[in-house]
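The figures here come from the full heavy-atom set of this structure, side chains too, leaving out hydrogens, waters and symmetry mates. Residue numbers count from 1 along this sequence.
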Amino acid sequence: MSQFINLPKLNVSPEEHKSRLSEHIESGRQLADSIKSFDFNKLNDFDAIVTDMPEQIYLASNPKYANLPFGAVATLEEAGSIAFVSKFILDAYDTDDFSSLTAWKSEIENKGYVQWRFKRLNKGLSSPSLDFELVSKELSQDELGSAKDLDDLIQMYGKISCIGGSAFLIDNVIRCLSIKDKISYKDTRLQSVDGILQNLSENIFVPIRVQNNVYHNNAYRTGGHYVVLLGIQDMEAFVFDSSKGFKWLPATRLFDSIAAGLPYGLVSAWNIGSILG
């Protein structure tokens with residue numbers, strides 16, 4: 001199935017953003033509730049490994065990509081897992097454009113999906129570089145104040161840090177690839193463990209967001225990460241992790257790492273099956 005993808009910009013009207021955020025949070029809450037109530041003993045009898053995946057797999061540890069900028073303040077290795085996961089989806093469905101990871105990275109950046117912030121300014125910014133003219137266009141006149149350059153903004157609002165890639169990137173990739181004219185953000189998500197298992201049993205991989213401290217079993221690991229769930233066998237989950245390649249970990253820990261994003265409103269598992277209708 002060969003096709004083109006026209007990725008929309010991340011920024012939409014306040015009304016549309018409110019609607020998609022509501023669907024994102026509600027889908028995440030339902031999935032977290034499903035994980036908490038699921039009888040994981042059922043996985044003793046579950047055995048499915050997805051074989052339908054891209055021929056080429058990109059890794060963040062590859063020196064060709066690791067130190068490439070990802071947005072204004074991070075590198076692909078530091079914060080680009082969503083770029084690798086979304087490229088995994090594109091390559092699995094044989095899109096004709098963005099044949100290279102670097103071209104796709106640029107598209108993600110230019111469409112505003114890589115966000116960063118000033119410490120004391122409660123606002124995500126997405127300019128692809130720390131160019132004062134670009135940054136100032138994202139600020140209101142009140143926020144900009146009397147700032148004349150980036151140093152003034154840092155003085156006013158504190159140091160700069162990376163937020164990371166927006167989860168809506170994967171939603172919009174799925175929406176672009178779907179054979180339907182238009183699907184809702186809710187349709188791009190899976191809301192239950194059973195839904196995830198159903199996709200795996202149908203040879204459909206499942207992109208997910210995990211909370212690092214649980215996923216790595218390390219209380220000192222912060223933030224989140226995007227990986228692709230490829231199967232479950234003998235109570236072990238098999239995933240593609242752009243930082244590590246292919247790896248196994250306990251399935252219960254993987255699901256717990258998904259649900260651990262609930263306090264941050266960041267529980268996500270995507271329904272690639274919706275691409276096929």
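Looking at Ile272 and Ile89, their side chains come closer than 4.5 Å, going by heavy atoms from C-beta outward. Here the side chains of Leu200 and Ile232 are in contact, with some heavy-atom distance below 4.5 Å. Side-chain atoms of Tyr226 and Trp270, non-hydrogen and from C-beta on, do get closer than 4.5 Å to each other. The shortest distance between side-chain heavy atoms of Trp104 and Leu7 falls below 4.5 Å. Side-chain contact check for Leu230 versus Val206: every heavy-atom pair is 4.5 Å or farther apart. Residues Leu125 and Phe118 have side chains in contact (heavy-atom distance under 4.5 Å, counting atoms from C-beta outward). Contact of the Leu254 side chain with the Val239 side chain is registered, since non-hydrogen atoms from C-beta on lie closer than 4.5 Å. Considering only heavy atoms from C-beta on, Leu101 comes within 4.5 Å of Phe84 through its side chain.
How far CD1 of Ile258 is from OG of Ser268: 9.5 Å, rounded to the nearest 0.5 Å. The distance from the CG atom of Leu197 to the CG atom of Leu229 is 8.5 Å, given to the nearest 0.5 Å. Considering OG of Ser136 and CD of Gln141, their distance stands at 9.5 Å, rounded to 0.5 Å. Rounding to the nearest 0.5 Å gives a distance of 10.5 Å between CG of Asn62 and CG of Asn67. A distance of 11.5 Å separates NE2 in His17 from CD in Glu15, rounded to the nearest 0.5 Å. For the atom pair Asp194 CG and Ser192 OG, the distance stands at 5.0 Å (nearest 0.5 Å).
Salt bridge annotation for Lys137-Glu133: absent, with no cationic side-chain nitrogen under 4.0 angstrom from a carboxylate oxygen. Salt bridge present: Arg189 and Asp171 bring a charged side-chain N and a carboxylate O closer than 4.0 Å.
Of all heavy-atom pairs between Val85 and Pro207, the closest is CG1-CB, 3.8 Å. Shown here for Arg20 and Leu10, the closest heavy-atom pair between the two residues is NH2-O, 2.8 Å. The two residues Ser178 and Ser274 come nearest to each other via the heavy atoms OG-O, 3.4 Å. Between Ala72 and Ser127 the shortest heavy-atom distance is CB-O, 3.5 Å. Smallest separation of non-hydrogen atoms from Tyr65 and Leu76: O-CB, 3.5 Å. Contact record, His225 with Ser242: CE1-OG, 4.3 Å, taken as the closest heavy-atom pair.
Side-chain N or O atoms of Asn110 include one that pairs as donor or acceptor with a backbone N or O of Ser106 at under 3.5 Å. Under the 3.5 Å distance criterion, the side-chain polar atoms of Ser22 are left unmatched by any main-chain donor or acceptor of Ser19. Formation of a donor-acceptor pair under 3.5 Å by the Glu109 side chain with backbone atoms of Gly71 is found in this model. Judged purely by atom type and a 3.5 angstrom limit, Ser27 has no side-chain atom pairing as donor or acceptor with the backbone of His24.
The salt bridge (charged side-chain N to carboxylate O under 4.0 Å, His left out) test applied to Lys111 returns Glu107, not counting sequence neighbours. With sequence neighbours left out, the ring pair (Phe, Tyr, Trp, His ring centres under 6.0 Å) criterion links Phe238 to Phe246, Trp248.
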With a cut-off of 3.5 Å and sequence neighbours excluded, list every side-chain donor-acceptor pair involving residues 29-38.
from  : atom 1 : to     : atom 2 : distance (Å)
Arg29 : NE     : Glu26  : OE1    : 3.2
Arg29 : NH1    : Asp33  : OD2    : 2.8
Arg29 : NH2    : Glu26  : OE2    : 2.5
Gln30 : NE2    : Glu26  : OE2    : 3.0
Ser34 : OG     : Val193 : N      : 3.0
Ser37 : OG     : Asp33  : O      : 3.1
Ser37 : OG     : Ser34  : O      : 3.4

Output side-chain donor-acceptor pairs under 3.5 Å for residues 150-166, partner residues at least two apart or in another chain, one line each.
from   : atom 1 : to     : atom 2 : distance (Å)
Asp152 : OD2    : Lys148 : N      : 2.8
Tyr157 : OH     : Glu143 : O      : 2.4
Ser166 : OG     : Phe168 : N      : 3.2

Donor-acceptor pairs under 3.5 angstrom involving side-chain atoms of residues 41-55: please list them, not counting sequence neighbours.
from  : atom 1 : to     : atom 2 : distance (Å)
Asn41 : ND2    : Asp39  : OD1    : 3.3
Asn44 : ND2    : Asn41  : O      : 3.0
Asp47 : OD1    : Gln233 : NE2    : 3.0
Thr51 : OG1    : Asn203 : OD1    : 3.4
Thr51 : OG1    : Asn203 : ND2    : 3.4

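Grouping the Ile, Leu, Val, Met, Phe, Trp and Tyr side chains by contacts below 4.5 angstrom, directly or via other members, places Val227 with Met235. No continuous path of ILVMFWY side-chain contacts below 4.5 Å connects Ile108 to Leu130, so the two sit in separate hydrophobic clusters. Side-chain heavy atoms closer than 4.5 Å link hydrophobic residues (I, L, V, M, F, W, Y) into clusters, and following such links, possibly through other members, connects Ile204 to Ile183. Both Leu90 and Leu68 are members of a single hydrophobic cluster when ILVMFWY side chains are connected at heavy-atom separations under 4.5 Å. If you chain together hydrophobic residues whose side chains sit under 4.5 Å apart, Ile57 and Tyr93 fall into the same group.
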Quiz item: Asp91 and Tyr58: side chain to side chain contact (heavy atoms under 4.5 Å, CB included), yes or no, with the steps?
Solution: CA-CA 10 Å; Asp91 290 347; Tyr58 297 91; 3.4 Å; yes
Quiz item: Should Thr188 and Glu23 be marked as a side chain to side chain contact (heavy atoms under 4.5 Å, CB included) after you check the CA-CA gap, both sets of side-chain angles, and the distance that decides it?
Solution: CA-CA 10 Å; Thr188 66; Glu23 291 182 351; over 6 Å; no
Exercise. Please report the C-alpha distance between Phe132 and Leu144 in whole Å, then the side-chain angles of each, then the deciding distance to 0.1 Å, and finally whether the side chain to side chain contact (heavy atoms under 4.5 Å, CB included) criterion is met.
Key: CA-CA 11 Å; Phe132 179 71; Leu144 189 60; 4.0 Å; yes
Practice problem: Assess whether side chain to side chain contact (heavy atoms under 4.5 Å, CB included) is satisfied between Asn199 and Leu190, documenting all intermediate values. | Solution: CA-CA 9 Å; Asn199 273 17; Leu190 294 165; 3.9 Å; yes
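Looking at Ser126 and Glu138, their side chains do bring a donor and an acceptor atom within 3.5 Å of each other.
For NZ of Lys123, the number of neighbouring non-hydrogen atoms (other residues, nucleotides, ligands) closer than 6.0 Å is greater than 12.
Under the 6.0 Å cut-off for aromatic ring centres, Phe88 and Phe205 qualify, their centroids lying closer than that.
Within the structure, side chain to side chain donor-acceptor pair (under 3.5 Å) pairs that include any residue of residues 204-223 comprise Arg209-Gln211, Tyr215-Asp241, His216-Arg221 (at least two apart or interchain).
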